[in-house]
Colleague: 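Structure incoming, see below.
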Number of protein chains: 4
Amino acid sequence: MMNAPPTISTEGAGGRAEAQRERILSAAQRCFIEHGFHAASMADIAVAAQMSAGLMYRYFENKQAIVLAIVERQLEEKRSFIRQLHSAQAFTTGLAEAFKLWRAGDPRVMSPALYLEMSAEATRNPQIAAALRRSDALTRAELQAWLASPRSEGGFGLSQDVAASRALLLRSIVEGLALRAAREPDLDLAPLRSALEDLFARLLA
Amino acid sequence: MMNAPPTISTEGAGGRAEAQRERILSAAQRCFIEHGFHAASMADIAVAAQMSAGLMYRYFENKQAIVLAIVERQLEEKRSFIRQLHSAQAFTTGLAEAFKLWRAGDPRVMSPALYLEMSAEATRNPQIAAALRRSDALTRAELQAWLASPRSEGGFGLSQDVAASRALLLRSIVEGLALRAAREPDLDLAPLRSALEDLFARLLA
Amino acid sequence: MMNAPPTISTEGAGGRAEAQRERILSAAQRCFIEHGFHAASMADIAVAAQMSAGLMYRYFENKQAIVLAIVERQLEEKRSFIRQLHSAQAFTTGLAEAFKLWRAGDPRVMSPALYLEMSAEATRNPQIAAALRRSDALTRAELQAWLASPRSEGGFGLSQDVAASRALLLRSIVEGLALRAAREPDLDLAPLRSALEDLFARLLA
Amino acid sequence: MMNAPPTISTEGAGGRAEAQRERILSAAQRCFIEHGFHAASMADIAVAAQMSAGLMYRYFENKQAIVLAIVERQLEEKRSFIRQLHSAQAFTTGLAEAFKLWRAGDPRVMSPALYLEMSAEATRNPQIAAALRRSDALTRAELQAWLASPRSEGGFGLSQDVAASRALLLRSIVEGLALRAAREPDLDLAPLRSALEDLFARLLA
DNA sequence: CATGAATGAGACTTCATTCAT
DNA sequence: CATGAATGAAGTCTCATTCAT
């Protein structure tokens, strides 16, 4: 007769609750990419997740919680992606690779549209802003460490100062390219690649 | 003998109608920056513009028209800003200058937050996408022409191909920096400046 | 400096005020026919009358007053039309004639669409209902007098009772045809004519 | 395994959804009769239906859909009513009977006020116009078939041509009477009856 | 006399969220 | 656990009417 308290046992990664959360997030991601955080309604997400709207409230306190979870997930993916770029050749190739996957609509890569949406939203939503800041700090540190590490370990042996400023620049470039990808999905990759290779040759030589 | 039909005479730049439009756009810009296109309501804008919500519809067909007008205005400002960067020293200095103005909340410079909002919205709104595309084409052409022009005219004498790929890269960098500005408004400018100067020295030497 | 009291000298039929009223009514009639009483806005009427919306309030207290004036005018036209039918041949011919004029969009004949609109509105607007009732009473009396007048005077010499019930029927038929005209503007007139001639031959023989 | 997408199962005639639709339509009908299609607001209907305004949008896409549903329902009732008139005595009696029911406010009979409203609206709303046209065609065919059927089957054995023109006339008369009913709800029925009996005697003898 | 800018109420519609079943 | 009916607030937009100019 009375509702049991919503004791959703998180019970590890394989639990049913986790699967449901995953389903909701996957659906939400698709909706957010297509319509944006505001225009995507809970009803849209429920349809995409093939469950009732009410049920989603068992797994997420409200829409904002879903948005935040999506943001966190995307940031994690972004960091792991940037980590993969750690090697001079991979940087250019990796960016081009990701570009192609985006175009193909692969949901595992971070969607540039979603990245824009998150960034825009962060200018007004403190929770999202905090998440981005945390992720930024991690990325910055990793990039800087890579650039400062000795060449024998795949790095470039830059001083901490130079590494820091180069890291800032690299991140801006990657983000700028993401923005461009969102805006010009059928961009010709060849000139971009050659420009990037040139850039890295000069910047990290 | 017969009166003009009750429409709003646009009557040049000094007209009252134009002043009202300006008031609305200025208010809308503030609201859009603060809350985003979706979350800023017509009522919010009306309060900011100190007029009734209904009146705004004499000057703009609907909210979307206001959004579009803001977008066009911002794009024009962005282009004129990029044009000012045309000179190697100015590029770095100009970027840093703009950064400072943004921080100070100067409404004449393009707001990075608004730029993000526009870019995100463009992924779903065809009219905004078209406006960005048009503006992009202009910017690209101008940048490329600059890079390809002879050094005697302040350019770099690059071949068209190289100029094109460099222009693409430069735009991505500028946009990436805008994104960063939106996200990290109190970023330390010194490392950024040195990185940029370094970049230009190597890229456009 | 202060507005003079709105002393609109009615000054006979040729006054300027009367001309303005006429212009407004003519415009309103077109708008009401096209959009109905509710959907036609004061702004629509102002455009059609080629004057400002505010000016109309100098000649009519409010929209409702315009509606009422239109109704009265239409009713007068309807009565004069029915009066013209007074003669057995003219009845059929006159109806068919009116039908053709309606189709041609002649504004002097009563619009069936407007007649419907008025009738519908009368079921909820007491002022319009009263106007229709007054007009109805006149029409009824005229028709009945005609039917009861001796044949030597162009009538049918019916008893008052029979004349009354026949008048009721005739009016219903005319109204029914108006309704049909509104609904089926490209109705084939031939069968209708033959049916009407037949009807009158049998009913008023 | 997977739940159905959250739509409203129409599930036959006994479903809850159907009951709700019915409730809304019944409320809407009352409101439309009292205030007309335009003046009756969704809020009015919601109050009459004793539910929130928002809920109605689960059952009808928009106000226009409600209007259309009402129109269709009324037309169906009108056709079934006219079908009942098929027999010379019933025609007169049936009309008088309906007249009395209207007066009593019986919601099962078609409301003359609503009929007027529909007809007026049809002159500008293509969907309503189409519905009326469809219904008209059915009524016309049924009436004509009745008049042309042999007397042994309750008809009048008229030729198709004559039957067609008589059917047109009969419909106009019925509609004219409906209009009259709307306008003069306390009309004395006796003279009308005698006129109608007379008419049928002469027209269908 | 005439304009049309301005207002404010109210219309339709959407949507996050709750809760009885 | 799951549904989806239900609500209420809020959003966009229209329009009759007024009034300073």
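So you know, we letter chains A, B, ... as the sequences are listed, proteins then strands, and number each from 1.
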Colleague: How far apart are the closest heavy atoms of B:Gln50 and B:Arg23, and which atoms are they?
Modeller: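 Taking B:Gln50 first and B:Arg23 second, the nearest heavy atoms are O-NH2, 3.3 Å.
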
Colleague: Name the nucleic acid region contacted by B:Gln50, choosing base, sugar-phosphate or nothing; use a 4.0 angstrom heavy-atom cut-off, strictly under.
Modeller: nothing

Colleague: Does a side-chain N or O from C:Tyr59 land closer than 4.0 Å to OP1 or OP2 of E:dA2, or not?
Modeller: yes

Colleague: Rounded to whole angstroms, how far apart are CZ on B:Arg58 and P on E:dT7?
Modeller: 11 Å

Colleague: F:dC13 C1' sits how many Å from B:Met56 CE, rounded?
Modeller: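 Spelled out: CE on B:Met56 to C1' on F:dC13 is 10 Å.
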
Colleague: Determine whether C:Thr123 and D:Glu117 make a side-chain contact, defined as any pair of heavy atoms from C-beta on separated by less than 4.5 Å.
Modeller: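 When only atoms from C-beta onward are counted, D:Glu117 and C:Thr123 do not touch, as no gap falls below 4.5 Å.
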
Colleague: Is the shortest side-chain heavy-atom distance between C:Phe32 and C:Ile45 below 4.5 Å?
Modeller: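 Of all side-chain heavy-atom pairs linking C:Ile45 with C:Phe32, at least one is under 4.5 Å.
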
Colleague: Ignoring hydrogens and angles, state whether a donor on the side chain of B:Gln20 or B:Arg58 is under 3.5 Å from an acceptor on the partner side chain.
Modeller: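 No, because no side-chain N or O of B:Gln20 sits under 3.5 Å from a partner of the opposite role on B:Arg58.
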
Colleague: Should stems be defined as at least three consecutive Watson-Crick or G-U pairs with both distances under 3.5 angstrom, which of them involve DNA chain F?
Modeller: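 Paired runs of 3+ in DNA chain F: E:2-21 with F:2-21.
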
Colleague: Does any residue of residues 22-29 of chain D have a heavy atom under 4.0 Å from DNA chain E, and if so, which ones, in number order?
Modeller: none

Colleague: Report the C-alpha distance between B:Glu34 and B:Asp44 in whole Å, list the side-chain angles of each, state the deciding distance to 0.1 Å, and finish with yes or no for side chain to side chain contact (heavy atoms under 4.5 Å, CB included).
Modeller: CA-CA 11 Å; B:Glu34 193 168 358; B:Asp44 292 337; over 6 Å; no

Colleague: Go through the steps for C:Gln127 and C:Gln64 under the test side chain to side chain contact (heavy atoms under 4.5 Å, CB included), then give the verdict.
Modeller: CA-CA 10 Å; C:Gln127 288 184 282; C:Gln64 165 71 359; 3.3 Å; yes

Colleague: Go through E:dA5, E:dG4, F:dA2 for me and flag the one nearest to the A:Arg16 side chain.
Modeller: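 Given the options E:dA5, E:dG4, F:dA2, the side chain of A:Arg16 is closest to F:dA2.
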
Colleague: Counting heavy atoms from C-beta on, name the nucleotide in E:dA2, F:dA6, E:dA5 closest to the side chain of B:Gln20.
Modeller: E:dA5

Colleague: Determine yes or no for a side-chain-to-main-chain donor-acceptor pair under 3.5 angstrom, with D:Lys63 supplying the side chain and D:Ser41 the backbone.
Modeller: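 Looks like no, no N/O pair under 3.5 Å.
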
Colleague: Set out, in order, the CA-CA distance, both residues' side-chain angles and the distance that settles side chain to side chain contact (heavy atoms under 4.5 Å, CB included) for D:Leu68 and D:Phe60, then state yes or no.
Modeller: CA-CA 10 Å; D:Leu68 267 177; D:Phe60 292 93; over 6 Å; no

Colleague: Could you label the plane-to-plane angle of the D:His38 and C:His38 rings as parallel, tilted or perpendicular, counting under 30° as parallel and over 60° as perpendicular?
Modeller: parallel

Colleague: Of the nucleotides F:dT7, F:dA2, E:dG4, which one has an atom closest to the side chain of D:Met51?
Modeller: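 Taking heavy atoms from C-beta onward, the closest nucleotide is F:dT7.
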
Colleague: Would B:Tyr115 and A:Leu116 count as a side chain to side chain contact (heavy atoms under 4.5 Å, CB included) if you check the C-alpha gap in whole Å, the side-chain angles of each, and the deciding distance to 0.1 Å?
Modeller: CA-CA 10 Å; B:Tyr115 188 61; A:Leu116 279 179; over 6 Å; no

Colleague: Could you tell me whether a side-chain N or O of B:Ser26 sits under 3.5 Å from a main-chain N or O of B:Glu22, the two making a donor and an acceptor?
Modeller: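 No; zero donor-acceptor contacts below 3.5 Å.
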
Colleague: Could you run down nucleotides 11-17 of chain E 5' to 3' and tag each one B, S or - for protein heavy-atom contact under 4.0 Å?
Modeller: SSBB-SB

